[in-house]
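Data block below; observations after.
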Amino acid sequence: MEAAEPATAPQLALADTDINWDRLDKTKFHMIGAILFTVQSALLHPTAVVKTRMQVAAGSRGMSVFSHILRSDGIPGIFRGFGTSAVGSVPGRILALTSLEVSKDIILKHTQGTHIPEASRVGLANGVAGMVSNLVSCVYFVPLDVICQRLMVQGLPGTTFCRGPLDVVRKVVEAEGFRGLYRGFGLTALTQSPASALWWGSYAAAQHLIWRSLGYKDDTGNKPSHMEMVTVQATAGMVAGACSSVITTPIDTVKTRLQVMDNYGSGRPSVLKTAKTLLKEDGWWGFYRGFGPRFLNMSLYGTTMIVTYELISMSPIAYLFWHQYFFENG
């Protein structure tokens, strides 16, 4: 009798790390994805609150802002706006994830058989898909962004006090009409898609470069284990988040202040007015207000998602659920 072979961890071909939209169980995709994103958002929401308040209040520092919130409002203070974000994001998340995966699948199919290197082809598909997803989602997420961020900065100079999300909507509409809910829409639509393309492109390129450096290729017999997949994808997500936060923080600072501050003087608030005020208050360094929490948030985004998915399910489908990005974390 031959000895039974020792059990080994399941392995996947490198090609299986990019799951096809056609092979997805759409109901499972959206239902489990909504739960996972809510848990992940809850873990990182305090960093978003600290970042947002730092961008609005002059001369504030991350730890001092965090300590002040805990002293004055307790734990609920660092979760301001989370309920609105968690509930309101579900329809928008489905919209964003669906458009992301469908558009990525279309690009991959249309570039199959071309002379484009595999790493570049996947990077291109992810980049274009990120841009399409952001453009489709802007219409839904910008008003939600305005509401959540106004709840986060309650009590700061230059902001209007509101008793809840519906009160935010009422006061904004009374003061500016429905267009007030779309403050920063142009800046978001113009910059969020390239920023998302930067993130997705960096992520895909970093992941493929790491796989190649480890000796994994689609045409070899080597197959990465689940643990290797988690490690590589988490590392690629951290690298992408770090690169993106360095480049996009100044734009995010202007957008946040434009959406929540009401002491903009005469006329309508604008990007130019907001940038001039920020420059006058803090100089050029003011555009990097909240950089620390934002850097932490974006760098940990991919890592926490991959780890969460691995703890809940070993299915390769789970790795697609973390494709929603940017809208909930600035």
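All values below come from the heavy atoms of this structure, side chains included, with hydrogens, waters and symmetry mates left out.
- The shortest heavy-atom contact between I69 and G77 is CG2-C, 3.4 Å.
- Residues E281 and R289 are paired through a salt bridge, judged by an N-O separation under 4.0 Å between the basic side chain and the carboxylate.
- In this structure, R121 contributes its side chain and I116 its backbone to no donor-acceptor pair below 3.5 Å.
- Listed by chain and number, the hydrophobic cluster partners of L187 are I251, V254, L258, V271, L278, L279, W284, F287, where partners are ILVMFWY side chains within reach of under 4.5 Å, directly or through others.
- A donor-acceptor pair shorter than 3.5 Å cannot be found between the side chains of Q154 and D73.
- Every residue two or more places apart in sequence or in another chain was checked for a salt bridge (Lys or Arg N to Asp or Glu O under 4.0 Å) with R179, and none qualifies.
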Notebook entry, point to check: Run the side chain to side chain donor-acceptor pair (under 3.5 Å) check on T248 and R294 step by step: do they pass?
Noted result: CA-CA 10 Å; T248 61; R294 190 165 193 266; 2.8 Å; yes

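- Not a single donor-acceptor pair under 3.5 Å links the side chain of Y182 to the backbone N or O of V146.
- Without hydrogens or angle criteria, T84 side chain to G81 main chain gives no donor-acceptor distance under 3.5 Å.
- By the 30° and 60° cut-offs, the orientation of the rings of F291 relative to F295 is tilted.
- A single hydrophobic cluster is not seen to contain both V246 and V239; linkage of ILVMFWY side chains at heavy-atom distances under 4.5 Å, directly or through other members, places them apart.
- By the 30° and 60° cut-offs, the orientation of the rings of H45 relative to F82 is perpendicular.
- Panel note: side chain T159, backbone L156; a donor-acceptor pair is recorded below 3.5 Å.
- No side-chain donor-acceptor contact under 3.5 Å links R183 to the backbone of K255.
- In terms of heavy atoms, A206 sits closest to A236 at CB-CB, 4.0 Å.
- Panel note: side chain S99, backbone L95; a donor-acceptor pair is recorded below 3.5 Å.
- Listed for the T114 side chain is a donor-acceptor partner under 3.5 Å among the backbone atoms of T111.
- Taking CG of D145 as the start and CZ of R150 as the end, the distance is 12.0 Å to the nearest 0.5 Å.
- Atom CG of L166 has 12 or fewer neighbouring heavy atoms from other residues, nucleotides or ligands inside a 6.0 Å radius.
- With sequence neighbours excluded, the residues satisfying side chain to side chain contact (heavy atoms under 4.5 Å, CB included) with D167 are C162, R163, R170, K171.
- Remark: the backbone N or O of V49 is not paired with any side-chain donor or acceptor of R80 at under 3.5 angstrom.
- Put simply, the side chain of H208 gets close to the backbone of A204: a donor and an acceptor are under 3.5 Å apart.
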